[in-house]
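Step one of this worksheet: look at the structure below.
Values reported hereafter were calculated over all heavy atoms of this structure, with side chains retained and with hydrogens, waters and symmetry mates removed. Numbers for residues simply follow the sequence, beginning at 1.
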Amino acid sequence: MQAYQVRQDPHLGCRVCPLPLRRELTELVPRSHRVSWPTWLDQGPRMLRDVLELCRLRTARGLAVLSWLAGEDPPGEYGWLWAAQRLTGARQERMYGAAAALPDTVLGLVLANWTWVLDTRHGGRVTAPYLAGTAYPADGHVAADATMTLFQTYERHPEARPAIAAAWAVARVSTDWCKAAELHAAYGSQTPVFTYPRGATPSVMGVRPWIERLFRLR
C-alpha cells in the first residue's frame, strides 16, 4: 500500500509527503547507515576498491529500505540486508529487486540529491561527514577518521565521486523521509521530504553500471 501522498507545488513542483510510519520500519533506517567505511588513508588501489564496493552496498541497501518506507511490503526475513560482505549473487539480486520496486516519484528524490551534490564544489565536505557520522554514531574518533578517508577519496579520485554521492543521496532521503513522516504523525499535516534542487544528469567519469541500473539511467 502506498505510504505517501504527492502534492504539486506551483514553485517547487512535485512534493512527496510520507504518511506516518510503523516503528519497525523507522528502525531500519539508522541500521542501514552502518557501513564499515575505512578509517585509514591508503594511496593504493585496494582502499579505493573497498570504498566503491561499500558505496554500492550502501546504495542498494538504502534503496531497498526506502522502497519499504514507500509502501512495499518488506520480506518476512531480511537478515541478508545487514551482511557486510561484498554484494554478489542471490543477496545482490534481492537488494536490486527491492530497489527496482521503488516508485519513480520517490527515486526522483534520490536523483535530486545526487545531481545536486555532484554539481557543487563542496561535494566532499557534504558527503563525507554525513556518511561517516551516521555509520559510527557512537564513536566520534572513528567517525572523524572515516570522514577524512571519504573526504580525501572524494577530492583525489574524481571517478569515485558519483558512487560516494549515490550512497549519500540515498542515506539522506531515507533519513529525511522518516523526519517528514514523524512530523505528519505529530501535527497531522502533509510534510514534504526535503531534497536539494535537482540538476541535470551528470556526464562525469565514474557513473558505473550499478549506478545506472539502480538509478534507472539507462
Side-chain angles (χ1 to χ4, degrees), residues 1-7 14-37 53-114 130-131 133-138 163 165-186 188 190-195 209-217:
M1 186 176 72
Q2 186 168 289
Y4 61 92
Q5 298 166 329
V6 175
R7 187 177 75 202
C14 179
R15 308 288 279 167
V16 177
C17 306
L19 299 174
L21 290 168
R22 304 193 310 272
R23 181 177 177 181
E24 57 267 28
L25 287 178
T26 63
E27 290 175 346
L28 296 177
V29 174
R31 189 171 182 185
S32 71
H33 292 310
R34 307 296 172 84
V35 173
S36 300
W37 301 111
E53 275 300 313
L54 288 170
C55 286
R56 185 165 73 97
L57 171 63
R58 178 66 192 86
T59 303
R61 177 193 287 171
L63 288 173
V65 170
L66 188 56
S67 74
W68 302 336
L69 299 181
E72 287 293 318
D73 289 329
E77 191 283 318
Y78 42 80
W80 47 267
L81 197 68
W82 314 123
Q85 297 97 322
R86 187 173 184 269
L87 193 56
T88 58
R91 180 165 151 263
Q92 172 179 298
E93 291 311 309
R94 281 181 173 182
M95 285 197 205
Y96 281 22
L102 188 69
D104 289 339
T105 301
V106 180
L107 181 61
L109 304 175
V110 177
L111 293 176
N113 282 348
W114 184 63
Y130 187 86
L131 289 172
T134 54
Y136 301 107
W168 171 83
V170 177
R172 276 300 309 260
V173 169
S174 59
T175 298
D176 290 335
W177 186 286
C178 291
K179 290 178 180 176
E182 182 181 354
L183 288 172
H184 189 148
Q190 291 182 346
T191 303
V193 179
F194 170 82
T195 63
W210 63 263
I211 298 176
E212 293 180 333
R213 178 177 174 180
L214 289 172
F215 284 0
R216 303 172 202 163
L217 302 178

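The shortest non-hydrogen separation linking R58 to A167 is CG-CB, 3.9 Å. Here the closest non-hydrogen pair linking Q5 and Q190 is OE1-NE2, 2.8 Å. Nearest heavy atom pair, residue A64 against residue A98, reads CB-CB, 3.6 Å. Considering all non-hydrogen atoms of both residues, R216 and L102 come closest at NH2-O, 2.6 Å. In plain terms, the two heavy atoms of L87 and E53 that are nearest each other are N-OE1, 4.3 Å. Residues L63 and V110 share a closest heavy-atom pair of CD2-CG2, 4.3 Å.
For the pair C14/T105, a side-chain contact is recorded, criterion being any heavy-atom separation below 4.5 Å from C-beta on. For the pair P192 and V16, the minimum side-chain heavy-atom distance is 4.5 Å or more. Using a 4.5 Å heavy-atom cutoff, the side chains of V193 and P18 are in contact. A 4.5 Å side-chain heavy-atom check between V29 and L69 finds at least one atom pair inside the cut-off. Counting heavy atoms from C-beta outward, T59 and W114 have side chains that stay 4.5 Å or more apart.
A donor-acceptor pair is defined here as one N or O able to donate and one able to accept, closer than 3.5 Å; no such pair exists between the side chain of R34 and the backbone of W82. The backbone N or O of W80 lies less than 3.5 Å from a partner atom in the side chain of R91, making a donor-acceptor pair. Between the R7 side chain and the C17 main chain, no donor and acceptor come within less than 3.5 Å of each other.
The structure places CD of E27 at 12.5 Å from OG of S32, a figure rounded to the nearest 0.5 Å. Considering CG of L217 and CG of L111, their distance stands at 6.5 Å, rounded to 0.5 Å. Atoms CG and OG, from D73 and S67 in turn, are 10.0 Å apart once rounded to the nearest 0.5 Å. The CZ atom of R172 sits 10.5 Å away from the OG1 atom of T134 when rounded to the nearest 0.5 Å. Taking SG of C178 as the start and CG of L28 as the end, the distance is 8.5 Å to the nearest 0.5 Å.
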- request: Decide salt bridge (charged side-chain N to carboxylate O under 4.0 Å, His left out) for R213 and E93; before the verdict, give the C-alpha distance in whole Å, the side-chain angles of both, and the deciding distance to 0.1 Å.
  value: CA-CA 12 Å; R213 178 177 174 180; E93 291 311 309; 3.2 Å; yes

task: For the pair V106 and L66, evaluate side chain to side chain contact (heavy atoms under 4.5 Å, CB included) and give the outcome as yes or no after the intermediate values.
output: CA-CA 8 Å; V106 180; L66 188 56; 3.9 Å; yes

query: Between L19 and H184, does a side chain to side chain contact (heavy atoms under 4.5 Å, CB included) hold up when you go through it step by step?
result: CA-CA 7 Å; L19 299 174; H184 189 148; 3.7 Å; yes

- request: Apply the test side chain to side chain contact (heavy atoms under 4.5 Å, CB included) to residues V65 and L81: give CA-CA distance (whole Å), side-chain angles for both, the deciding distance (0.1 Å), then the verdict.
  value: CA-CA 9 Å; V65 170; L81 197 68; 3.7 Å; yes

- request: Test F194 against K179 for side chain to side chain contact (heavy atoms under 4.5 Å, CB included), laying out the working first.
  value: CA-CA 9 Å; F194 170 82; K179 290 178 180 176; over 6 Å; no

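Between Y136 and W37, a ring centre-to-centre spacing not shorter than 6.0 Å is recorded. Here the two rings, on W177 and Y4, have centers that are under 6.0 Å apart.
Between E182 and R23 no salt bridge is recorded (no basic side-chain N to carboxylate O distance below 4.0 Å).
In summary, the side chains of H33 and T175 do present a donor paired with an acceptor at a separation below 3.5 Å, with no hydrogens or angles considered.
By the 30° and 60° cut-offs, the orientation of the rings of Y78 relative to W68 is tilted.
Other residues, nucleotides and ligands contribute over 12 non-hydrogen atoms within 6.0 Å of the CD atom of Q92.
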